[in-house]
Amino acid sequence: MSVRACLILLLLPLAAVAAGGAPAARDSGGTGRPSLRYVFNSGSAQGWAAAAGWNLLGVSSKDEADALPAGTRGLMWLGDYDNTTCDWERSDGELGRLLAGTAGDRRIYGFLFSDEADPFACPNAPVRHRARAELVRRLSGGKLTVIVVDSNSGRQTLDQIPRWAGAADRIALDPYPCYAGKPCDYPWVRRVIAAADAAHLRYWGVLQAFSDHTWRWPTPAEERRLLALWTKSHAAVLMTFAWHWDGHELRSRPKLFDVLRRFNGAKPRRTLAAAVPATEAHYTFTGPRSVAFEWRGGGAAIRVRISGRWKTVRARAPIPTPFSSAGPFRVARVSGLRPGTAYRYVIGSGPSGTFHTAPTGAYRFDVEADVGDSGNFDTVAPTQGQIAADKPSFVLVPGDLTYGNDDGQTAVDRHFNDVMAWSKTAAYMPAWGNHEWDESTDDLRNYKGRFALPHPHSSPGAPSAGCCGEDWSWFDAGPVRFISYPEPYTSATWAQWKDAANAVMASAQSNPRIQFIVTFGHRPAYSTGYHHGDSQLAGILDTFGDRYSKYVLNLNGHSHNYERFVPIHHVVHVTAAGGGADLEALSSADKRTAFRALHLIHLRVNVTKTRMTLQAVCGPSTSDDQFKCTRGQIVDSYVINPR
């Protein structure tokens, strides 16, 4: 099993490592409690892992290392060696750009740059690894280099161990002895250790703590025995596989987790939740004078400074309960606020931040759909950074939030951490997409359980998982009424929405404070992208456009491109699916298309009482682009005035 493919490596070096010392010279083997513990690619669990005693965390960039919890450092992943091409995933030039600025960064401990390279398929692999290790050391100011060597292939493992001597500062060995349906093969671990000692390797050991179709969870007693084997060896570091693996999380095995937590000398379990900063934090407008905060972990209350005094609001467990991880998930409704006002807040013991109620005057909002997470799409993080830089009041996200049904439940948690680039200060206002509900591998519990939507409505045919309620919603922000529409669960869903939304539109049409009506949802009414427009939805929205003069804009995703149409039945339709997921090919043209581009583009909208100004903002480049622009460039703009 590949260590890179896992989500956690627990690092347990057996000698003290000074914070500013050179790790290559200090992580010598021995016995006793380790002073440094490492987690590789723990993603959304960084805070939890740190609170449970791990203080070296896996990262993939300098920025991630610099953002790690206080008191921790990062071991940075640099990409792999390809056993098919016998070459590196990243060129020397790419490596140089990735390592820029790391030499003086004390938050970066070292680098992991290869996972189970095959010296039999690629005879020059050890030589190539020595050269790359030297390059990494030169570019990083001499920081530690680490590779992982396959240790589960019998005779082939024992034969290759001597070949890796000197290929990196440390060679990590990963014998997993506990196979499904069998007792743990402790003698195999001893044979691997003996081979490493005979080859005079400077090595780390990898401790098994996972389950899949081949291997099983060790029992707590077996885990303690494995710990004893490794701590009595000459392994300088002990790495544990895995925090996340095959849909499981280490914390889901509380007794096993407790063995490792105690070995780390971490705080008692009852203090973990309070000690860990809240993750996946975001809030929604629930009315002109109220918001709802949602988060994972952290403390069980939020404090808000209202009229010069701090008010504590206790959180509760959401209904339904998200299942992407063990949680705990929390929701706290804060009311009695003033419209259009900013407030300071603190979740649990975390740092303070600022939120605001729904705006009453001029403001900005952004739109992105079809987002995903940074672990599966490299363009997600920079897109969220662009949106954060826009400083929007809120962000509409019309569907396909995480792709957890395709990419696993880890993607769900990581998405809600990715959007914390803006979601701690701007409201997250979603609509659901097909990837939230149409496959059994994910469902609406993960989303309805994470949001308290304003004026929530149910839809006929909604899936039983996550049922019932919050299929669509509406809210007012300044001179605009925003109305979401549901997914077409059945043929009756949109017909029922038409009747219910008609009353909401009529109310807005007669309200002198409302100048614009905007709808948003995942499916397009009009599209020349990969997904064509839906005729039933188009007919409904066309009718509303003819009936209500204030209805001027519809926003959607689903087709992975950007497209704006000229007004159709007085309504401008915009596909803004530039959240970070892969692009999809365009289809045939439509003469009513005003502008379209196959590129990641998010929408920025500036609102005043007399106009809405739409700006399409160029996002990160991809290999699928058929349109060229510079990141941050406004590639399309349009002004909507009241009718």
> Sub-3.5 Å donor-acceptor pair from the side chain of Ser423 to the main-chain atoms of Ala281, do we have one?
Replying inline: yes
> Aromatic rings Phe355 and Phe293: how do their planes relate, parallel, tilted or perpendicular, breaks at 30° and 60°?
Replying inline: perpendicular
> If you measure from the Lys or Arg side-chain nitrogens to the Asp or Glu carboxylate oxygens, is any gap between Glu294 and Arg330 under 4.0 Å?
Replying inline: no
>> With a 4.5 Å cut-off on side-chain heavy atoms, are Ser393 and Phe365 touching?
In response: no
>> For a ring-ring contact (aromatic ring centres under 6.0 Å, His included) check, start with the C-alpha distance between Tyr485 and Trp497, then their side-chain angles and the critical distance, and finish with the verdict.
In response: CA-CA 7 Å; Tyr485 52 87; Trp497 175 81; 5.8 Å; yes
> Roughly how far, to the nearest 0.5 Å, is CG of Leu401 from CG of Asp442?
Replying inline: 10.0 Å
>> For Phe482 and Phe475, take the angle between the two ring planes, folded into 0 to 90°, and tell me which bin it lands in: parallel under 30, tilted 30 to 60, perpendicular over 60.
In response: parallel
>> The test is side-chain contact (heavy atoms from CB on, under 4.5 Å); show your working for Phe516 and Met612 and say whether it passes.
In response: CA-CA 9 Å; Phe516 306 99; Met612 288 196 298; 4.0 Å; yes
>> The test is side chain to side chain donor-acceptor pair (under 3.5 Å); show your working for Arg344 and Thr354 and say whether it passes.
In response: CA-CA 5 Å; Arg344 300 291 294 173; Thr354 302; 2.7 Å; yes
> Can Tyr526 and Asp542 be counted as having a side-chain donor-acceptor contact under 3.5 angstrom?
Replying inline: yes
>> Quick one, Glu368 with Gln384, criterion side chain to side chain donor-acceptor pair (under 3.5 Å). Give me CA distance, side-chain angles, the key distance, then yes/no.
In response: CA-CA 9 Å; Glu368 63 166 344; Gln384 307 320 303; 3.0 Å; yes
> Stepwise, does the side chain to side chain donor-acceptor pair (under 3.5 Å) test hold for Asp400 with His558?
Replying inline: CA-CA 8 Å; Asp400 286 4; His558 201 39; 4.6 Å; no
> So with a 6.0 Å cut-off around NZ of Lys424, is the heavy-atom count from everything else above 12?
Replying inline: no
> Would the number of heavy atoms belonging to other residues, nucleotides or ligands and lying under 6.0 Å from CG of Asp624 be above 12?
Replying inline: yes
> What pairs with Asp443 under salt bridge (charged side-chain N to carboxylate O under 4.0 Å, His left out), at least two apart in sequence or on another chain?
Replying inline: Arg445
> What are the two closest heavy atoms between Pro288 and Thr357, and how far apart are they?
Replying inline: O-CB, 3.8 Å
> Looking just at side-chain N and O atoms, do Ser324 and Arg450 make a donor-acceptor pair shorter than 3.5 Å?
Replying inline: yes
Please list every donor-acceptor pair under 3.5 Å in which a side-chain atom of residues 458-467 meets a protein atom from a residue at least two apart or in another chain.
| residue | atom | partner | partner atom | Å |
| --- | --- | --- | --- | --- |
| Ser458 | OG | Gly469 | N | 3.2 |

> Crowded around Arg316 CZ? As in, over 12 foreign heavy atoms under 6.0 Å?
Replying inline: yes
> If you round to the nearest 0.5 Å, how far is NE2 of His602 from CG of Asp366?
Replying inline: 4.5 Å
>> Test your reading of the model: is there a side-chain donor-acceptor pair from Thr593 to the backbone of Lys591, 3.5 Å cut-off?
In response: no
> Do the rings of Phe627 and Phe595 sit parallel, tilted or perpendicular, given the 30° and 60° boundaries?
Replying inline: perpendicular
>> Test of understanding: with salt bridge (charged side-chain N to carboxylate O under 4.0 Å, His left out), list the residues that count as partners of Arg592, not counting sequence neighbours.
In response: Asp590
> Out of curiosity, Arg631 CZ to Cys629 SG, how far, rounded to the nearest 0.5 Å?
Replying inline: 10.0 Å
> Where do Arg604 and Asp390 land on the salt bridge (Lys or Arg N to Asp or Glu O under 4.0 Å) test, with the steps shown first?
Replying inline: CA-CA 8 Å; Arg604 174 198 299 156; Asp390 285 347; 2.9 Å; yes
>> Take a 6.0 Å sphere around OH of Tyr530 and say whether it holds more than 12 heavy atoms from other residues, nucleotides or ligands.
In response: no
> Is Glu280 salt-bridged to Arg296, cutoff N-O under 4.0 Å?
Replying inline: yes
> How far apart are the closest heavy atoms of Ser290 and Ser335, and which atoms are they?
Replying inline: CB-CA, 4.0 Å
> Given His457 and Asp471, is the side chain to side chain donor-acceptor pair (under 3.5 Å) satisfied, shown in steps?
Replying inline: CA-CA 6 Å; His457 288 69; Asp471 293 303; over 6 Å; no
>> Looking at every heavy atom in both Arg338 and Tyr343, which two are closest together, and how far apart are they?
In response: N-OH, 2.7 Å
